[in-house]
Amino acid sequence: MTPSDDAPTTAPRDTSPDTTETGASPAETAPGTPHRTRFPLLSGIRHAPSTLRRVLQALGNEATPDEEPDVPEISPDLVPLLRTLGRAMLDSGQSVNDAQDVLKQVADLHGAHTVQTLVLPTCVFIRVQTASGVVTDFTDAAGSGLDLDQIGALYAVIRKLRNQTIDLADARAELRAIRRRPPRFGAVLTVVGHAILTLGFGLILNPTLDLLPVFLVLGLGVGLLRWLAARWPTLSTALPVVASFLVTVLAIQVVHPWLGDSPLQVLVPPLISFLPGSVLTVAAIELTSNQIVSGASRLLYGIAQLLLLVFGVVAGAAVAGDLLAGHGGERMGWWAPWVGVVLVGVGQMLFASTPRRSLPWVLVVLFAAYAAQLVGSYVAPEISGFFGALVIVPLATLVERTRTGPPAIITTLPAFWLLVPGALSFLGLSELVAGNTGSVSDIANAVVAVFAIALGMLVGTALTRDARRVGRTFFTE
């Protein structure tokens with residue numbers, strides 16, 4: 001007897017009907033072809049929970065390992081590179097959050113998973129646990145000093161390090177060479193660029209027509225002072241006070257008697273290169289990111305810069321006379337700020353040495369930031385900077401992903417100049433010196449503007465990061 005003789009027999013399932021369980025007839029489904037449902041919407045709904053779960057996992061915090069990583073043996077060039085790279089990032093004006101993230105990424109890619117960094121606005125501490133012991137290093141930083149061309153070259157090196165297409169020693173050599181790189185334009189074009197920048201910022205304020213030559217002349221004068229201070233350290237120390245003093249005296253003694261315009265309208269555009277708008281905004285970003293020490297120290301530095309400018313205004317008013325109110329002439333019109341945006345981009349290119357072929361992309365981000373801020377002014381004027389900052393990071397990131405787009409920071413930094421938190425606070429302090437009772441509310445609005453811009457940058461950065469994570473989740477499978 002075979003086993004099949006005693007085995008119970010089971011009646012075969014009747015599959016004779018024209019339709020199967022999925023709703024497809026045998027004639028429609030050929031052998032070996034992939035199964036397709038007749039109701040794709042129902043199938044999408046059935047898979048929605050798993051899709052949502054993947055999206056939430058991508059948006060959540062990155063998982064931390066439960067166990068301590070193995071102590072690696074790292075290259076002797078890694079810690080010196082991290083020290084040099086951290087200093088360069090701080091000198092480019094980046095927040096300590098960004099500097100720490102880049103240092104951590106570079107260390108992880110080169111096997112140093114036990115790296116610890118402490119980044120402050122003017123120093124970098126690095127500690128790495130290796131198989132042969134603990135390696136520590138430290139360096140100071142100026143917190144500024146690199147022009148946009150140097151910053152673009154810096155981020156090109158960072159991109160190579162992330163792609164692991166450059167040796168550590170070669171990367172460090174490139175970083176040292178970047179510091180020695182001269183500006184793209186000579187002294188004459190740099191001074192002219194400052195004058196164009198002054199004129200552009202003056203047009204954004206929609207002035208009267210007779211103030212345009214004043215902006216050009218004062219912009220040239222301040223540009224010459226900056227060129228001289230770069231070669232005379234004594235003048236460099238007191239340059240904000242000297243520049244604001246001279247501009248105030250000329251505004252009171254020459255501009256007001258000649259044109260009748262208020263001296264306060266002339267103060268801000270020529271001094272735009274001294275205004276710590278980006279410093280105050282980065283300080284607010286650090287404070288809202290729990291970087292209390294860095295944010296507070298950077299905030300105090302920005303306030304000190306403003307007070308130096310105000311001291312020059314006070315001294316100029318004491319020598320030349322009071323900051324009298326002038327008559328309000330006819331404004332140039334709605335088109336003036338848009339022309340000013342173009343001039344700001346061109347002035348930035350000459351004065352701050354933007355990288356080659358980056359001007360069109362800088363103008364794209366400048367126009368988008370100004371347009372968003374203009375729309376926000378109709379919604380809530382006090383927080384219009386939030387709307388401008390909200391579009392900067394996503395748009396700058398998209399520009400960076402194009403074939404000819406510069407690094408995001410190259411288009412982000414000039415956009416800070418349009419959001420004008422430093423200009424608002426300086427103007428409020430100057431009006432306070434002049435005895436204007438409304439200046440206190442102007443200062444309060446400037447504080448709100450700074451934190452609104454910082455919040456817009458944080459939200460824009462977070463949305464960009466989340467979009468990148470979700471895209472990586474769906475398109476890397």
Side-chain angles (χ1 to χ4, degrees), residues 87-88 91-93 142-157 173-204 212-240 242-244 246-247 250 269-278 305 339-363 365-366 404-407 409-418:
R87 181 186 179 190
D91 288 345
S92 69
S144 61
L146 298 183
D147 59 39
L148 291 178
D149 187 44
Q150 292 172 309
I151 295 174
L154 165 65
Y155 273 79
V157 174
E174 283 197 25
L175 292 176
R176 290 196 296 265
I178 288 171
R179 286 192 172 276
R180 297 191 297 268
R181 178 182 296 188
R184 283 186 58 200
F185 305 99
V188 174
L189 286 180
T190 301
V191 173
V192 171
H194 192 277
I196 295 174
L197 186 65
T198 300
L199 179 60
F201 196 81
L203 283 171
I204 290 175
L212 297 187
V214 174
F215 290 147
L216 275 175
V217 172
L218 292 179
L220 283 171
V222 175
L224 285 172
L225 282 176
R226 293 189 68 98
W227 175 82
L228 182 61
R231 292 152 181 81
W232 185 12
T234 302
L235 177 60
S236 177
T237 304
L239 183 59
V242 173
S244 58
L246 294 177
V247 169
L250 291 174
L271 302 175
I272 182 64
S273 58
F274 296 103
L275 296 177
S278 61
Q305 290 295 106
V339 176
V341 171
V342 177
L343 293 180
V344 166
V346 175
Q348 278 277 7
M349 179 187 68
L350 298 175
F351 175 70
S353 295
T354 56
R356 300 179 187 277
R357 298 184 298 275
S358 64
L359 178 60
W361 296 114
V362 170
L363 291 176
V365 178
L366 287 177
T404 60
I409 189 174
I410 301 301
T411 54
T412 299
L413 288 179
F416 275 124
W417 296 62
L418 288 184

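These values consider heavy atoms only, across backbone and side chains, with no hydrogens, waters or symmetry-generated copies. The structure presented is a predicted model; accordingly, all values stated were derived computationally and were not measured.
- Between Asp91 and Arg179, the closest side-chain pair of non-hydrogen atoms falls below 4.5 Å.
- Taking the side chain as every heavy atom from C-beta outward, Pro414 and Val344 never approach each other to under 4.5 Å.
- Side chain of His194 to backbone of Phe351: no donor-acceptor contact under 3.5 angstrom is found.
- The two residues Leu225 and Leu235 come nearest to each other via the heavy atoms O-CD2, 4.1 Å.
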Would Val222 and Val247 count as a side-chain contact (heavy atoms from CB on, under 4.5 Å) if you check the C-alpha gap in whole Å, the side-chain angles of each, and the deciding distance to 0.1 Å?
-> CA-CA 8 Å; Val222 175; Val247 169; 3.9 Å; yes
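- Across Phe201 and Pro269, no two heavy atoms sit closer than the pair CD2-CA, 4.1 Å.
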Applying side-chain contact (heavy atoms from CB on, under 4.5 Å), run through Leu350 and Thr190 and close with a yes or a no.
-> CA-CA 5 Å; Leu350 298 175; Thr190 301; over 6 Å; no
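- Contact of the Leu275 side chain with the Ile272 side chain is registered, since non-hydrogen atoms from C-beta on lie closer than 4.5 Å.
- Looking at every heavy atom in both residues, Gln305 comes nearest to Pro276 through CB-CG, 4.0 Å.
- Residue Arg176 places its CZ atom among more than 12 non-hydrogen atoms of other residues, nucleotides or ligands, all under 6.0 Å distant.
- Taking each heavy atom of Phe215 and Gly202 in turn, the nearest pair found is CE1-CA, 3.7 Å.
- Side chain to side chain, Arg357 and Thr404 fail the donor-acceptor criterion of an N or O pair below 3.5 Å.
- Within the 3.5 Å criterion, the main-chain N or O of Pro233 finds a donor-acceptor partner in the side chain of Thr237.
- Between Val341 and Ile204, the shortest heavy-atom distance links the atoms N-CG1, 4.2 Å.
- Side-chain N or O atoms of Ser244 include one that pairs as donor or acceptor with a backbone N or O of Pro240 at under 3.5 Å.
- In this structure, the side-chain contact (heavy atoms from CB on, under 4.5 Å) partners of Val157, at least two apart in sequence or on a different chain, are Leu161, Ala171, Glu174, Leu175, Ile178.
- In plain terms, the two heavy atoms of Pro406 and Thr411 that are nearest each other are CG-CG2, 4.0 Å.
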Please report the C-alpha distance between Arg180 and Gln150 in whole Å, then the side-chain angles of each, then the deciding distance to 0.1 Å, and finally whether the side-chain contact (heavy atoms from CB on, under 4.5 Å) criterion is met.
-> CA-CA 9 Å; Arg180 297 191 297 268; Gln150 292 172 309; over 6 Å; no
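- Qualifying salt bridge (Lys or Arg N to Asp or Glu O under 4.0 Å) partners for Asp147, counting only residues two or more places apart in sequence or in other chains: none.
- By the salt bridge (Lys or Arg N to Asp or Glu O under 4.0 Å) test, Arg181 is found to be paired with Asp149, residues two or more places apart in sequence or in another chain being considered.
- Cation-pi geometry between Arg226 and Phe274 is met: under 6.0 angstrom from the ring centre, within 45 degrees of the axis.
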Run the numbers on Ile410 and Ile151 for side-chain contact (heavy atoms from CB on, under 4.5 Å), then give the verdict.
-> CA-CA 7 Å; Ile410 301 301; Ile151 295 174; 4.1 Å; yes
